[in-house]
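Below you'll find the structure, written out as structure tokens, and then a few comments.
Since the model is a prediction, treat every value here as computed from it, not as a measurement.
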Amino acid sequence: MTHAPAAARVLLASALSVTALLTTASCLAGERDVPRALPAGVPEEPPASPSAAASPAARPSPGAQTLNEEQLRAALLTEADLGEPWVAGRGAATWRDGMLKARTENPDCHRLLDSLYTEELFGPPSGPSATATLDDASTDSQLRYQLAAHPPADVDRILSWMGTLPEKCERFGATAAGAGGLLVEVAELPLPEAGDARAGLRLTMTGEASGGAPARLTVTVAAVRVGEETITLTNGGLGTVLPEVTQAMTQLGADRLTEIGRQERLRV
């Protein structure tokens, strides 16, 4: 009797976890009449840009209120939402300083790298915030999920900027103290039609880790505006990083944040 390699068992477990999460997100979307994800390649109508669509009807009213820190913490996603092999974060990932802390001459590309490293894609929050960090115990991938209040106009402007990066930063060189020269590639990450506006990217960095061994870092980033709050999700690692995890967490997180906001409006 033969046994599946460890890597195959890890991928199978991850796939099963993602399937369950996608099913949960789909059910939540149906129960609350949240728009579902469009098939890849199908544009939204009428989109402001391919990556950061926002419907005027979906924008928050001038009197919309931000959630407090307790409510944001209640909206956070945890290891229970993903299931095994995900666990609560165990500290900063080693690849952050080793590869992600990099420089390049292109201003837009450097801004992207710096934003991912500092974990401030939208700058300091203008109001309450809450953050959860989760680790994939089988691959050492790390997922960071942040909820924060930012001015909607500023968020939409940055989402539009993100939509230009797959063209501006499709392929460029960078240098990092821990990895030397790096080849960086940026592509659009399709996202579910979650929240009021959204943008997603997939970044890969290829170079050498300490000791000269080949290394490939993959980071997916999703940003979603839900009313006055913004979701920023990054999922990265030196092993397998499934885009389906980022996509499913984006949908589930936006649904949960929308529901907590709805409950708060009813209470008021």
For the atom pair [atom1] ([X]) and [atom2] ([Y]), what is the distance rounded to the nearest 0.5 Å?
X	Y	atom1	atom2	value
Asn235	Leu242	CG	CG	8.0 Å
Arg225	Thr230	CZ	OG1	7.5 Å
Leu217	Leu182	CG	CG	9.0 Å
Glu185	Glu170	CD	CD	8.0 Å
Met99	Thr94	CE	OG1	10.5 Å
Trp86	Gln142	CH2	CD	9.0 Å

**Prompt:** Stepwise, does the side-chain contact (heavy atoms from CB on, under 4.5 Å) test hold for Leu252 with Leu77?
**Reply:** CA-CA 8 Å; Leu252 186 59; Leu77 300 179; 4.2 Å; yes
Please check: side-chain N/O of [X] versus main-chain N/O of [Y], any donor-acceptor pairing under 3.5 Å?
X	Y	result
Asp81	Thr78	yes
Glu79	Leu134	no
Glu229	Leu257	no
Glu167	Thr164	no
Thr232	Ala223	no
Asp135	Ala137	no

Side chains of [X] and [Y]: closer than 4.5 Å at any heavy-atom pair?
X	Y	result
Ile231	Leu147	yes
Leu113	Phe172	yes
Gln146	Glu119	no
Gln251	Asp255	yes
Met162	Leu201	yes
Gln247	Leu189	yes
His110	Arg103	yes
Arg111	Trp161	yes

**Item:** Full working for side-chain contact (heavy atoms from CB on, under 4.5 Å) between Leu233 and Thr246
**Value:** CA-CA 7 Å; Leu233 188 158; Thr246 303; 3.6 Å; yes
**Asked** Got a salt bridge between Glu259 and Arg256, using NZ or NE/NH1/NH2 to carboxylate O under 4.0 Å?
**Response** no
**Asked** Would you call Arg157 and Asp154 a salt bridge, taking side-chain N to carboxylate O under 4.0 Å as the test?
**Response** yes
**Complete:** Residues at least two apart in sequence or cross-chain that pass side-chain contact (heavy atoms from CB on, under 4.5 Å) with Glu120, listed by chain then number, are Thr118, Pro124
**Asked** Which residues pass the side-chain contact (heavy atoms from CB on, under 4.5 Å) test with Ala130, sequence neighbours left out?
**Response** Leu72, Arg73, Leu76
Could you pull out the closest heavy-atom pair between [X] and [Y], with the gap in Å?
X	Y	value
Gly195	Ala254	N-CB, 4.0 Å
Thr104	Gly173	OG1-O, 2.7 Å
Gly200	Leu191	N-CD1, 3.6 Å
Val224	Ala194	CG1-O, 3.5 Å
Val241	Ser141	CG2-OG, 3.9 Å
Asp108	Asn106	N-OD1, 3.0 Å

**Message:** Under the rule for ring-ring contact (aromatic ring centres under 6.0 Å, His included), what residues qualify as partners of Phe122, not counting sequence neighbours?
**Reply:** His150
**Request:** Kindly state each residue pair satisfying side chain to side chain donor-acceptor pair (under 3.5 Å) with at least one member in residues 122-131, sequence neighbours excluded.
**Result:** none
**Message:** Does Arg144 have more than 12 heavy atoms from other residues, nucleotides or ligands lying within 6.0 Å of its CZ?
**Reply:** yes
**Complete:** disulfide (SG to SG under 2.5 Å) pairs touching residues 129-186, sequence neighbours excluded, are Cys109-Cys169
**Asked** Does any pair with a residue in residues 112-147 pass disulfide (SG to SG under 2.5 Å), and if so which ones, sequence neighbours excluded?
**Response** none
**Request:** Start with the C-alpha gap between Leu100 and Leu116, add the side-chain angles, then the distance that decides, and say whether side-chain contact (heavy atoms from CB on, under 4.5 Å) holds.
**Result:** CA-CA 8 Å; Leu100 194 56; Leu116 293 178; 4.1 Å; yes
